[in-house]
Amino acid sequence: MFQTESVVKMKIVMIGGGSCNWSPKLICDILHEESLNGSEIWLEDIDLKAAEKIKAAGERLAKDNGRQLKFIVTNDEDAAFRGADIILITISTGGLKTMRPDVELPERYGIYQAVGDTVGPGGWSRTLRNVPVFAAWAEKFQRLCPNAFILNYTNPMASLTGVFHAVAPELKVLGLCHGPVGTMHFLAKLLGTDVSHINAKVGGINHFFWILDFTVDGKDGYAMLKERLAGRHIYELDKAYDPVNGIFARSHWVMTELYERFGYLTYTADNHTAEFLPGYLLDLKAVEDYNIFRKKIDWRAENYKTGMLLPA
């Protein structure tokens, strides 16, 4: 049972609070932070029905973990933002209807995007679609919660986080992604250690970064990796479709090639990394050769129907 002695009652707003993909994960993160016990979590969403489902799940999670959290569902932005301490953004303007041409139109011209949410034609289109929404929020945040910490998960994360810095640079804004953390977990599995033993220096942008250096219990991580590989390829030590790595990681053939060419590791999710580099997505043979998983719109739609994944 969690202790509840030190309590900071905060107003935490989840924009896109009805997301079955992000909201439960973020609520679990809040549950693990003892100091946030007693806080209000506002689930702001244009889809109130979806937000109500997240509220029910959140209340159950809080009860089972001995937490005192109050969940409030609303589609009133002003009420949600006013006096907020923390704002989490996980939305997708337009949803699947607008994402379909982002991914499918470029295919007519030989560009087989794997995700289409950060760079390339899909990333550009998604940026343009979201910028007006984020610019309007920046002005509201200035007026209603100027001291809030604003954490953005919506892609293209770097571009959209930049909107806040351009419109309201005095706001406290961070863009977040689980990519580096996921890669650390992959390394821990590869080296047979716990992720808590790994420290890494990471450089780059969302969905395309390099592990510049890392240590395992203070020892040179790259030297340990080289010894572990013993002349083999990274993908030889990994298993395709391993549930620990997730369906997006596959066999790490792109990650392997880049490591062997440049001596540094990249994101464990090959489908994201491939979109930043020429050659991997310009013909279907390359996509198949490198075993790159493509998040097609019909695949997304099927998962949304089952409640497994919502756009963010």
Side-chain angles (χ1 to χ4, degrees), residues 2 22 25-26 28-36 86 88 114-115 118-119 149 151-153 155-158 161-162 172-277 280 290-293:
F2 289 110
W22 279 109
K25 298 175 184 177
L26 295 172
C28 286
D29 288 342
I30 292 170
L31 289 171
H32 279 87
E33 184 52 57
E34 187 175 342
S35 65
L36 295 178
I86 299 173
L88 306 169
V115 187
T118 300
V119 291
F149 287 92
L151 310 178
N152 175 45
Y153 284 90
N155 290 316
M157 187 271 282
T161 302
K172 295 178 287 190
V173 183
L174 289 172
L176 296 177
C177 178
H178 58 281
V181 175
T183 302
M184 293 306 101
H185 279 275
F186 169 74
L187 277 176
K189 173 176 171 287
L190 202 65
L191 297 174
T193 187
D194 186 82
V195 70
S196 63
H197 295 265
I198 297 178
N199 286 305
K201 182 186 294 183
V202 181
I205 61 174
N206 186 42
H207 291 161
F208 185 38
F209 54 84
W210 299 91
I211 307 299
L212 302 177
D213 191 18
F214 75 99
T215 61
V216 181
D217 291 326
K219 299 178 181 178
D220 186 338
Y222 272 116
M224 293 179 67
L225 177 61
K226 184 177 181 180
E227 182 179 355
R228 173 78 174 88
L229 292 172
R232 293 168 294 180
H233 304 293
I234 289 175
Y235 61 73
E236 291 183 73
L237 301 185
D238 194 21
K239 300 295 182 182
Y241 311 107
D242 188 332
V244 174
N245 296 329
I247 58 174
F248 305 142
R250 292 290 174 113
S251 303
H252 304 97
W253 291 351
V254 173
M255 183 189 210
T256 296
E257 181 168 274
L258 294 177
Y259 167 69
E260 293 178 357
R261 181 172 297 186
F262 298 107
Y264 293 96
L265 294 167
T266 54
Y267 189 7
T268 186
D270 280 357
N271 60 339
H272 279 302
T273 304
E275 294 200 316
F276 286 83
L277 301 168
Y280 292 113
Y290 285 94
N291 200 25
I292 297 171
F293 176 72

Rounded at 0.5 Å granularity, tell me how far CG in Asn206 sits from NE2 in His178.
9.0 Å

Minimum heavy-atom distance between Ile292 and Ala114, given as atom pair plus value:
CG2-CB, 3.9 Å

I'd like to check Ile234 versus Glu260 (side-chain heavy atoms, cut-off strictly below 4.5 Å). Are they in contact?
no

Please say whether more than 12 non-hydrogen atoms of neighbouring residues, nucleotides or ligands are located less than 6.0 Å from CZ in Arg232.
yes

Thr256 and His233 side chains, donor-acceptor separation under 3.5 Å
no

Does a side-chain heavy-atom distance below 4.5 Å link Tyr235 with Asn291?
no

Taking Tyr267 as the fixed residue, which of Trp210, Phe209, Phe276, Tyr259 is the one that meets the ring-ring contact (aromatic ring centres under 6.0 Å, His included) rule?
Phe209

With rounding to the nearest 0.5 Å, note down the distance linking CG in Asp217 to CE in Met224.
7.5 Å

Between Tyr222 and Leu212, what is the shortest heavy-atom contact and its length?
CE1-O, 4.0 Å

Under 3.5 Å: donor-acceptor pair, side chain of Asp270, backbone of Trp253:
yes

Just do the side-chain contact (heavy atoms from CB on, under 4.5 Å) check on Leu258 and Thr273 with the steps written out, would you?
CA-CA 10 Å; Leu258 294 177; Thr273 304; 3.7 Å; yes

Derivation of the side-chain contact (heavy atoms from CB on, under 4.5 Å) call for Trp22 and Leu88
CA-CA 10 Å; Trp22 279 109; Leu88 306 169; over 6 Å; no

Heavy-atom closest contact (Met157 atom, Gly175 atom, distance):
SD-CA, 3.2 Å

Glu257 side, atom CD; Phe262 side, atom CZ - distance, nearest 0.5 Å:
9.0 Å

Between the main-chain N or O of Val115 and the side-chain N or O of Glu275, is there a donor-acceptor pair closer than 3.5 Å?
yes

Just verifying a value: how many Å separate Asp29 CG and Leu36 CG, rounded to the nearest 0.5 Å?
10.0 Å

Assess whether side-chain contact (heavy atoms from CB on, under 4.5 Å) is satisfied between Leu191 and His197, documenting all intermediate values.
CA-CA 11 Å; Leu191 297 174; His197 295 265; over 6 Å; no

With side chains defined as the heavy atoms from C-beta onward, is the minimum distance between Val202 and Ile211 less than 4.5 Å?
yes

Rounded distance (nearest 0.5 Å) linking atom CG of Leu229 with atom CG of Leu190
6.5 Å

Verify the neighbour count for atom NZ of Lys226: are there more than 12 heavy atoms of other residues, nucleotides or ligands below 6.0 Å?
no

Stepwise side-chain contact (heavy atoms from CB on, under 4.5 Å) test for Lys25 and Tyr153:
CA-CA 12 Å; Lys25 298 175 184 177; Tyr153 284 90; over 6 Å; no

Side-chain contact, heavy-atom cut-off 4.5 Å: Leu265 with Thr183?
no

Between atom CG of Leu176 and atom CG of Leu151, what is the distance when rounded to the nearest 0.5 Å?
5.0 Å

When you measure from the side chain of Thr193 to the backbone of Ala188, do you find a donor-acceptor pair of N or O atoms at a distance under 3.5 Å?
no

Is the distance between the ring centroids of Phe186 and His252 under 6.0 Å?
yes

